[in-house]
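Everything on this sheet refers to the single structure shown next.
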Amino acid sequence: MHRRQNVRRALLLVSFLLFPVTFYYLSPYLIIMGAGERTASGSMVVFGVMTLTALVLGRLFCGWVCPAGGLTEALFAVQNRKANNRRNWTRWLVWVPWIAVIILVTLRAGGIQRVDILYQTDHGISLTTASGMGPYIIFYAVLALIFVLSLTAGRRGFCHHTCWMAPFMMIGRGVRNTFRLPAVQLSADTPSCVGCYACTSACPMSLEVQAMVLSQRMENSECILCGTCVDVCPHNVIRYEFGRPRSTNPVRPEKP
Ligand code: SF4
Ligand code: SF4
Ligand code: SF4
């Protein structure tokens, strides 16, 4: 495997191993609990930062840092079937009501009056021996959900169907695309593509990457900028770049 992908997998694995420490900073529940106490919890801050950084970095967090992403990719060893990208709307069934609850609780509490990044943690650590059973049960329930969806709904099934964090980055990226701001993105040298499908086969988000290359539409809300397609392409067709969204101009592929 390409060295860059080894580094990426290693980062994801380390992040997953640190998940008991970082769990509260990604918690969908503590954000509500904090809002009820007029407090911006660590997870509220992190989700805000995710949205803002996505303006420039897109979903790099998903591809390179996310602890849940680390577990989903570790499970590729057990199940590596492609996911169905046409059912990704299910994640909004989780996200929209959850955001509505956060807004309602915030309004009822009288607004946010302080920021406490370490909210409910023990000196910054989410789960400790003093946490009691409850937080551990929730932690293992989340792991079980990721596990089950990854095994039943295809590669990174949890990312496609349930994740409450992805919408923040998708919104940030959508704003970037609307205003054509410079950001990390993929580009493709379409005439060099020989149609081997290595990129499509390897994409952890089950995207039709070769079709994206042929249509010169490398922007996709499900792309996590993991660089797998960049690294598996034998002809260096796909590249990372930093720039404004490219206007599409489909090029007919050369025959293999
Ligand atoms: S979609 Fe969600 S669970 Fe998957 S890598 Fe991104 S933030 Fe993590
Ligand atoms: S299109 Fe490429 S960079 Fe995007 S998720 Fe798929 S393999 Fe990763
Ligand atoms: S891996 Fe490269 S050459 Fe093969 S289909 Fe993808 S872009 Fe084309």
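These numbers come from the heavy atoms of this one structure, side chains and all, not from hydrogens, waters or symmetry mates. Numbering of ligands and ligand atoms starts at 1, following listing order.
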Original post:
Which word best sums up how the rings of Phe23 and Phe19 line up, parallel for under 30°, tilted for 30 to 60°, or perpendicular for over 60°?
Top reply: perpendicular
**OP:** Would you mind listing which atoms of ligand 1 come within a distance below 4.0 Å of any non-hydrogen atom of Cys159?
**Re:** 1 (S), 3 (S), 4 (Fe), 5 (S)
Subject >> atom 2 (Fe) of ligand 1: nearest protein contact (heavy atom, Å) >> reply: Cys163 SG, 2.2 Å
**OP:** Using a strict 4.0 Å threshold on nitrogen-to-oxygen distance, state whether Arg59 and Glu222 make a salt bridge.
**Re:** yes
Original post:
Of the listed options (Ser192, Ala211, Cys196, Ser201), which comes nearest to atom 4 (Fe) of ligand 3 when hydrogens are ignored and any heavy atom counts?
Top reply: Cys196
Subject >> Any donor-acceptor N or O pair under 3.5 Å, side chains His161, Thr90 >> reply: yes
Original post:
Rounded to the nearest 0.5 Å, how far apart are CG of Leu30 and CE of Met44?
Top reply: 11.0 Å
**OP:** Of the side chain and backbone of Leu186, name the one, both, or neither that has a heavy atom under 4.0 Å from an atom of ligand 2.
**Re:** side chain
**OP:** Considering the heavy atoms of Cys223, write down every atom of ligand 2 situated less than 4.0 Å from one of them.
**Re:** 1 (S), 3 (S), 4 (Fe), 5 (S)
Original post:
Backbone N or O of Leu11 within a donor-acceptor pair of the Ser15 side chain at under 3.5 Å?
Top reply: no
Original post:
Looking at Ala68, which atoms of ligand 1 are within less than 4.0 Å of one of its heavy atoms?
Top reply: 3 (S)
**OP:** Check Gln5 against Cys226 and note the closest heavy-atom contact, atom names and distance.
**Re:** NE2-O, 3.0 Å
Original post:
With a cut-off of 4.0 Å, which atoms of ligand 2 are near a heavy atom of Thr228?
Top reply: 7 (S)
Subject >> Under 3.5 Å side-chain donor-acceptor pair for Tyr197 and Gln210 >> reply: yes
**OP:** Using a strict 4.0 Å threshold on nitrogen-to-oxygen distance, state whether Arg155 and Glu73 make a salt bridge.
**Re:** no
Subject >> Pro204 neighbourhood, listing ligand 2 atoms whose heavy-atom distance to it stays under 4.0 Å >> reply: 7 (S)
Subject >> Sub-4.0 Å heavy-atom approach of Val194 to ligand 3 >> reply: yes
**OP:** Go through the side-chain N and O atoms of Arg176 and Gln185 and say whether any donor and acceptor fall under 3.5 Å apart.
**Re:** yes
**OP:** Look only at the side chain of Arg4 and the backbone of Asp231, and say whether a donor-acceptor pair between them is shorter than 3.5 Å.
**Re:** no
Original post:
Which atoms of ligand 1 are found less than 4.0 Å from any heavy atom of Met169?
Top reply: 7 (S)
Subject >> Selection from Arg156, Arg59, Met165 by shortest heavy-atom distance to atom 1 (S) of ligand 1 >> reply: Arg59
Original post:
Can any side-chain N or O of Trp98 pair as donor or acceptor with the backbone N or O of Pro28 at less than 3.5 Å?
Top reply: yes
Original post:
For atom 8 (Fe) of ligand 1, what is the nearest protein heavy atom, given as residue, atom name and distance?
Top reply: Cys66 SG, 2.2 Å
Original post:
Is it true that atom CZ of Arg87 has more than 12 heavy atoms of other residues, nucleotides or ligands lying nearer than 6.0 Å?
Top reply: no
**OP:** Using a strict 4.0 Å cut-off to heavy atoms of Gly227, name the atoms of ligand 2 that fall inside it.
**Re:** 3 (S), 8 (Fe)
**OP:** For Cys62, take its heavy atoms, then give the atoms of ligand 1 lying under 4.0 Å from any of them.
**Re:** 1 (S), 5 (S), 6 (Fe), 7 (S)
Original post:
Among protein heavy atoms, which sits nearest to atom 5 (S) of ligand 2, and what does the distance come to when rounded to 0.1 Å?
Top reply: Ile224 N, 3.5 Å
Original post:
What atoms of ligand 3 come closer than 4.0 angstrom to any heavy atom of Cys199?
Top reply: 1 (S), 5 (S), 6 (Fe), 7 (S)
**OP:** Report the nearest protein non-hydrogen atom to atom 6 (Fe) of ligand 2: residue, atom name, distance rounded to 0.1 Å.
**Re:** Cys203 SG, 2.4 Å
Subject >> Contact partition for Val209 relative to ligand 2, non-hydrogen atoms under 4.0 Å >> reply: side chain
Original post:
Glu208 and Thr200: side-chain donor and acceptor closer than 3.5 Å?
Top reply: no
Original post:
Applying a strict 4.0 Å limit to heavy atoms, is Ala188 in contact with ligand 3?
Top reply: no
Subject >> Trp95 and Phe168 aromatic ring geometry - parallel, tilted or perpendicular at 30°/60° bounds >> reply: perpendicular
Subject >> Those atoms of ligand 3 less than 4.0 Å from some heavy atom in Pro234 >> reply: 1 (S)
Original post:
So, Cys233 and atom 2 (Fe) of ligand 3: N/O/S under 2.8 Å, yes or no?
Top reply: yes
Original post:
Quick one: which ligand 1 atoms are inside 4.0 Å of a heavy atom on Phe158?
Top reply: 3 (S)
Original post:
Should you measure from each heavy atom of Ala166, which atoms of ligand 1 turn up under 4.0 Å away?
Top reply: 1 (S)
Original post:
In ligand 3, which numbered atoms sit nearer than 4.0 Å to a non-hydrogen atom of Tyr197?
Top reply: 4 (Fe), 5 (S)
Subject >> Atoms of ligand 2 close to Cys229 [distance to a heavy atom under 4.0 angstrom, numbered from 1] >> reply: 1 (S), 2 (Fe), 3 (S), 7 (S)
Subject >> Heavy atoms from other residues, nucleotides or ligands near CZ of Phe139 exceed 12 (cutoff 6.0 Å) >> reply: yes
